[in-house]
Every structure is written in structure tokens, then in C-alpha cells.
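To start, the structure under review is shown below, and the notes come after it.
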Amino acid sequence: MSTTRTAPTPLTGGDVKAPLRGVKGMNDILPPESARWEHFEAVVRGLMARYGYRNLRTPVVEPTALFVRGLGEVTDIVEKEMYSFEDRLNGDPLTLRPEHTAGILRAVIEHNALYGGPLRVWTMGPVFRHERPQKGRYRQFNQLDVEALGNKGPDVDAELILMLRALWRDLGLVEGRDIALEINSLGQADERQAHRAALVAYFEANAAHLDEDSQRRLHSNPLRILDTKNPAMQPLVEAAPTLIDFLGEASLAHFSAVRAVLDAAGLAYRVNPRLVRGLDYYNLTVFEWVTPHLGSQATVCGGGRYDTLIEQLGGKPAPGVGFGLGIERLLLLLEALGLQSPEVAPHAYAVVPDGATMPRVMPVLEALRAGGVAVVLHAGGGSMKTQFKRADASGARHALIFGADELARGEVAIKPLRDAAAVQTTRAIASAHTWAHELLKP
């Protein structure tokens, strides 16, 4: 049986006179704002190295079935938020990743990465959800995602949570005041099934008080009702049966062991029996870090254990635990608390009055850069006044003056820009590699 495909609609540039704008909810990050991102990324890389996690990177586009199978059909992400489309060449259903975990596990399964034993990995990059854009919630946003695969825990569960405390401290946040931990246990499948039956019975008895979304989920996924953001539903949710009352001995022991490590480490937390997370694959430990400083966007980071997800995605059974952190939301929190990252400024700014001297100047700058000095070249000419103005605005600590007199002597003048008491000096341009380190001093 043959099929006929219609030709794709030709792509056009639209009105060539109108300026093109970015897609709503997908933001540009320009200097100097990008410096805050670079600082955060550098902190994360150092943290991951200290805890023994290695970087893993996956494609932005994955098969749609990966997320339907991994996240669950009856979730807001799959039902409402995914950017899904057909491949124009072969009709394959594809999706821009709405989160990182499923793609990481797909890669681990496909490349048999757990063959040599447990694996600790992290990634950082954009994810996509078709939501109503608002401050702290965008259609393209960035996540830090960390996964520990092949470890049953509960020690790894606790270590991941403590890793986040270390991150907050590296960024200047104070746990308990600026950001606080909530934890819960979702137990195992049979325990959740018993709790599910109790929830269905409870919500059926109160069906008149359910909103439209909750009525739709009553029989397909009643646990999601507990995660409702509808204020009118909160009293009903608060009175619903709690999962912890259905947990067996092994699940309670796992949860107690996680708590024992956190207690020993001096980390305060609140057990939140209504904490269920927004994805279907979690079991046992779940956690969120929340803040009172971002209004309704309280959750900054969340995660938990998912011991059946690798098998669910077609791999050999192996446990896993991890977390995802919204970078935009975290940076908003740092901004709200006045915790600005250090500004990135060059060590020196090269002032070149005569562009014709550039063949002599450029090798000097390259020698300095090879020695680790960050040097900004004033390109395109301009008066000395203009160049010094730009040098000062750059934040550089020194101006390197390649004037005619200096070059005639084979020298460069070094003028301090941040210390009024410091005096201008000169250095031989032929030996720049020997004095480059002087420009690195604060």
C-alpha cells in the first residue's frame, strides 16, 4: 500500500521590511546579564567536580514517544505543554524536550552506559514548554539537571539534597531563610495504588467541590489533584488521605534513613505529606527547595527517586534519583536578594592612537593574552579622549597606551585606572611575556 504526501508549504521570510522579533516567551540574554549566567555555570562546574559528577549532553529534539512513555500521558506537560511536530521529511513525531531526565535515560540505555556500574551525570541547557509566559516562567527556559543512576540509596538521595545546600552556599543563599527544603516519600507502586483507591473514594464523595481539571483527573490520575494550584481546592486537598499512612516498612525505613543523614548534617527541612511532584515516574524520596521571595513561583528546584523509569523506557532495570533546577528562577531569586555575581571585566584596555601601528601592537596583545591577561583592543580608531572613556567604561584595571613616543622607545605605557594613587609605568614590548603577570594583580 502506497501513501502520497503533499508537498510542504514553501518557507518565506514574510515582510522583508519589517524587523523580525524573537518568539514570545523565548528570551535573549545579552551582556552584561550573560555574566550572571557565566558565573552560575562556573559555580556549577566546580560543584559537580567536587561531588564526582560528569557532564552528559543530549539533543534538544527527541521522539515524542519518549516523553509520553516517560512522563505519563495524563500530565500537564504531555497533555498541554509540549512543542510537538512531525518531521517534514519522514513524518516521525518529534518533540522539543520539556525536561532533561527522559533524554538522559534514553542516551544511557541506547549507549549501554551503565554496563560498567553506577553513573553520576549532569547537564545544563534549554527545555521547552508551551505555557503562558510570565516572570520566572518562560516557553524556553534553562535547567540544571543532575542524575545518579544505578544506586539504590538512601545515601545517594541524601547526598543529592546536600549537594544542593552546597550550591546555595556557594551562591550566597542561606538555607532556611532564603530557601527551604521540603521532603516526602511516595513509597512504592502497590502502596500508591492503595492510597489511590482511598483518594478516588474521598474525591468522589466530594465531587461537587472539584474543579474541572480535578474532575477530569479523578479516575485517570487522582494524585495530580493533590498538586493543584487552585486556592479554592486547598481545604479539600488538605483533608484528603495522606500517602505516608499507606507506606510499608521498607518505604518508611528508606525515608527514615534519608532523614537521618540530613539530620546528622544539620540540614533543617519540613516533611510535606502533600508533596507529589508533577511527574508520574517518582517513587520513594521526593523533595523541593522553595523560597518565599518569588511570590507564586515558590519552587526553585525539585527532584526525587525513580527506580522503575529506566525499565519503563526499555532499559535493563536500574534505580535512579535526580533533580532539576530552573536557572532563570534561581537567578531571579539571587537578584531579589541583592546577591549579584561578580562583574567580568578585562585586566587591560589597549589604547592605540594610530591604527597604522597595529602590526606592532597586535603581537604584544597576543603575548599578553597567551600569559592569561584579558585585553580589550580599541578597534576602529578614535581620539585619545574617546579611547580612555571606553577604557574606563570597560571596567579594566589598566590602560595600555601604545602612543607614538612609547612605540619609538619600544615600550608601552601602563596607566592604572582603578587606583588614583598608583603611578603610570612603562614596560618593554619585546618582553611582554615576562611582565604579563603584573597585569593580573588586583
Side-chain angles (χ1 to χ4, degrees), residues 19-22 26-46 55 57 124-126 142 171 327 331 334-335 339-442:
L20 295 174
R21 301 180 65 86
M26 300 185 180
N27 301 325
D28 302 311
I29 303 169
L30 306 177
E33 174 67 15
S34 56
R36 301 177 63 226
W37 288 76
E38 290 179 308
H39 173 68
F40 172 76
E41 291 160 0
V43 169
V44 166
R45 289 188 183 94
N55 187 234
R57 307 183 188 199
M124 190 159 41
N142 292 268
L171 295 170
I327 299 176
L331 293 181
L334 296 176
E335 183 180 12
L339 297 171
Q340 302 295 332
S341 57
E343 290 189 13
V344 179
H347 299 109
Y349 192 100
V351 175
V352 187
D354 183 1
T357 62
M358 201 60 71
R360 293 192 65 191
V361 171
M362 195 67 79
V364 182
L365 303 187
E366 288 300 286
L368 293 174
R369 289 163 176 157
V373 180
V375 185
V376 173
L377 168 66
H378 185 98
S383 68
M384 290 284 282
K385 180 179 180 181
T386 297
Q387 294 196 40
F388 272 110
K389 185 176 180 180
R390 294 279 179 85
D392 189 60
S394 75
R397 293 197 292 267
H398 308 279
L400 306 179
I401 307 168
F402 293 89
D405 293 341
E406 287 83 6
L407 289 175
R409 297 192 300 269
E411 296 177 338
V412 57
I414 303 175
K415 179 179 176 60
L417 297 176
R418 306 296 159 209
D419 184 356
V423 297
Q424 181 171 308
T425 59
T426 60
R427 293 289 184 269
I429 61 176
S431 57
H433 60 285
T434 66
W435 51 265
H437 66 280
E438 298 178 14
L439 301 178
L440 300 176
K441 298 176 181 178

Would you mind checking if Arg360 and Asp354 are paired as a salt bridge, meaning a charged N to carboxylate O distance below 4.0 Å?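 Result for this pair is no, no salt bridge flagged.
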Please give me the minimum heavy-atom distance between [X] and [Y], naming the atom from each residue.
X	Y	value
Ser394	Pro346	O-CD, 3.4 Å
Pro126	Asn142	N-OD1, 3.3 Å
Gly395	Ala345	O-CB, 3.5 Å
Ala348	Leu439	CB-CD1, 4.5 Å
Pro416	Ala422	CG-CB, 3.5 Å

Begin from the C-alpha positions of Arg57 and Asn55 and carry the test side-chain contact (heavy atoms from CB on, under 4.5 Å) through to its verdict. CA-CA 7 Å; Arg57 307 183 188 199; Asn55 187 234; 2.6 Å; yes
Distance check, rounded to the nearest 0.5 Å: [X] atom [atom1] versus [Y] atom [atom2]?
X	Y	atom1	atom2	answer
Ile29	Ile327	CD1	CD1	8.5 Å
Leu331	Leu339	CG	CG	11.5 Å
Phe402	Gln387	CZ	CD	11.5 Å
Leu365	Leu377	CG	CG	6.0 Å
Ile414	Ile401	CD1	CD1	9.5 Å
Thr357	Met362	OG1	CE	10.0 Å

Kindly determine whether Phe40 and Arg36 satisfy side-chain contact (heavy atoms from CB on, under 4.5 Å), including the steps that lead there. CA-CA 6 Å; Phe40 172 76; Arg36 301 177 63 226; over 6 Å; no
If we only count heavy atoms from C-beta on, is the [X] to [Y] side-chain gap below 4.5 Å?
X	Y	result
His347	Leu440	yes
Arg390	Asp392	no
Glu406	Val412	no
Arg397	Leu417	no
Met358	Val352	yes

Would Lys415 and His398 satisfy side-chain contact (heavy atoms from CB on, under 4.5 Å), going step by step from the backbone distance to the final call? CA-CA 6 Å; Lys415 179 179 176 60; His398 308 279; over 6 Å; no
Return yes when atom CZ of Arg369 has more than 12 non-hydrogen atoms of other residues, nucleotides or ligands closer than 6.0 Å, and no otherwise.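 Correct, the count exceeds 12.
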Quick check on Arg418: does its CZ atom have over 12 non-hydrogen neighbours (other residues, nucleotides or ligands) under 6.0 Å away?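 Count over threshold, so yes.
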Donor-acceptor pair, distance only, cut-off 3.5 Å: does the side chain of Ser383 make one with the backbone of Thr386?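 Present.
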Can Tyr349 and His378 be counted as having a side-chain donor-acceptor contact under 3.5 angstrom?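 There is such a pair (donor and acceptor under 3.5 Å, judged by atom type) between the side chains of Tyr349 and His378.
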One pair to check against side-chain contact (heavy atoms from CB on, under 4.5 Å): Val351 and Leu400. What are the steps and the verdict? CA-CA 6 Å; Val351 175; Leu400 306 179; over 6 Å; no
